[in-house]
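Each remark here refers to the structure printed beneath this line.
Please read these numbers as outputs of a predicted model, since none were measured by experiment. Basis for what follows: all heavy atoms, side chains included, without hydrogens, waters or symmetry-related copies.
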Amino acid sequence: MAERLRVSRQEQLFRTKFETLELFVRVIAHELNGPLTGMNLTLQALRQKFGGVTEQKLLSSLEKDLAAATALLEELKSLNRYEVFRMRRTDLGREFHQFADQLLATPQLPVVLELGPCEEGLMVSCDISRLRRVWHNIVRNVFDQTVGKIPGSVRLVLSAQRVGRNARVRFLDNGGGIARNHLLRVFDPFYTTKGSGNRGLGLFIARKIVVEHGGNIRIMSKRPYTRVTIDLPLIT
């Protein structure tokens, strides 16, 4: 009973944070969308007007910064609770296996990737493009842990299995673990320990997407290991 109450309070706190952030995002996204679109159009016009090497280098630098700002805006838009989810009957095990295969095909992968048990026939109702965003956000966090480490020293194990009435996917890595004081806040928006270059939205967005699929996401860590577990309800 106490555990259920604790989870309920955590979920209520998460929803309150999300509603506050959502209001902020709607205002910011509305105000920034127009200027960014105009800047992109102006940039393309300048590229056609100025053909010098120096000018093109400057415009490329501007284009890179503008792309980063546009990407942030799109990430913020994804926090909108009215985001349209295209739910389809999907074999989650097969999709997760394909996701792992795509990672394995990545040149100079910064981790040693292993595929654990990956069952097929794990049928769920989901928007697979949104779930892939979740998986990418989690893997990106693992990749970040490889900075400054000996190449090949960080391992990441992926698995997908049936557990009771759920389809469970897991990410297990030995990238160093997460300190307890950080672990308590990993799902908070804009909370990051990676410096100003990281926006601290990846896991917040991941949790939002999983919750809106009727599932849950948990992170456990004991140095040097971290395990991320996502459960989604199976359908018949």
Self-check item: same_hphob_cluster(Leu203, Tyr225) at 4.5 Å side-chain heavy-atom cutoff
Solution: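 No, Leu203 and Tyr225 fall in different hydrophobic clusters.
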Exercise: identify the closest heavy-atom pair between [X] and [Y]:
X	Y	result
Gly93	Ala160	CA-CB, 4.3 Å
Leu43	Leu59	CD1-CD2, 3.7 Å
Ile209	His213	O-ND1, 2.9 Å
Asn181	Arg185	O-CG, 4.1 Å
Arg223	Gly176	NH1-O, 3.0 Å
Leu92	Ala167	CD2-CB, 3.8 Å

Self-check item: Arg227 to Phe171 six-membered ring, cation-pi geometry met (6.0 Å, 45°)
Solution: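 No, a cation-pi geometry is absent between Arg227 and Phe171.
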Would you say the side chain of [Y] lies within less than 4.5 Å of the side chain of [X], judging by non-hydrogen atoms?
X	Y	answer
Val111	Thr146	yes
Thr226	Met220	no
Leu183	Ile219	yes

Practice problem: Please say which of Leu113, Leu172, Asp173 ends up in a side-chain contact (heavy atoms from CB on, under 4.5 Å) with Val142. | Solution: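 Between Val142 and the candidates, side-chain contact (heavy atoms from CB on, under 4.5 Å) is satisfied uniquely by Asp173.
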Exercise. For the pair Leu131 and Val169, evaluate side chain to side chain contact (heavy atoms under 4.5 Å, CB included) and give the outcome as yes or no after the intermediate values.
Key: CA-CA 11 Å; Leu131 288 184; Val169 298; over 6 Å; no
Quiz item: Hey, mind stepping through Leu158 and Glu114 against side chain to side chain contact (heavy atoms under 4.5 Å, CB included) and telling me if it holds?
Solution: CA-CA 6 Å; Leu158 307 181; Glu114 298 179 10; over 6 Å; no
Is there a donor-acceptor pair closer than 3.5 Å between any side-chain N or O of [X] and the backbone N or O of [Y]?
X	Y	answer
Lys149	Gln145	yes
Asp127	Met87	no
Gln56	Phe50	yes
Thr106	Leu104	no

Spacing of [X] atom [atom1] and [Y] atom [atom2] [to the nearest 0.5 Å]:
X	Y	atom1	atom2	value
Gln98	Cys118	CD	SG	10.0 Å
Ser153	Asn174	OG	CG	7.0 Å
Glu95	Trp135	CD	CH2	6.5 Å
Leu62	Leu46	CG	CG	8.0 Å
Phe204	Asn137	CZ	CG	12.5 Å

Practice problem: Taking atom types as modelled, find out whether Thr229 and Arg170 have a side-chain donor-acceptor pair closer than 3.5 angstrom. | Solution: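 Distance-only check passes for Thr229 and Arg170.
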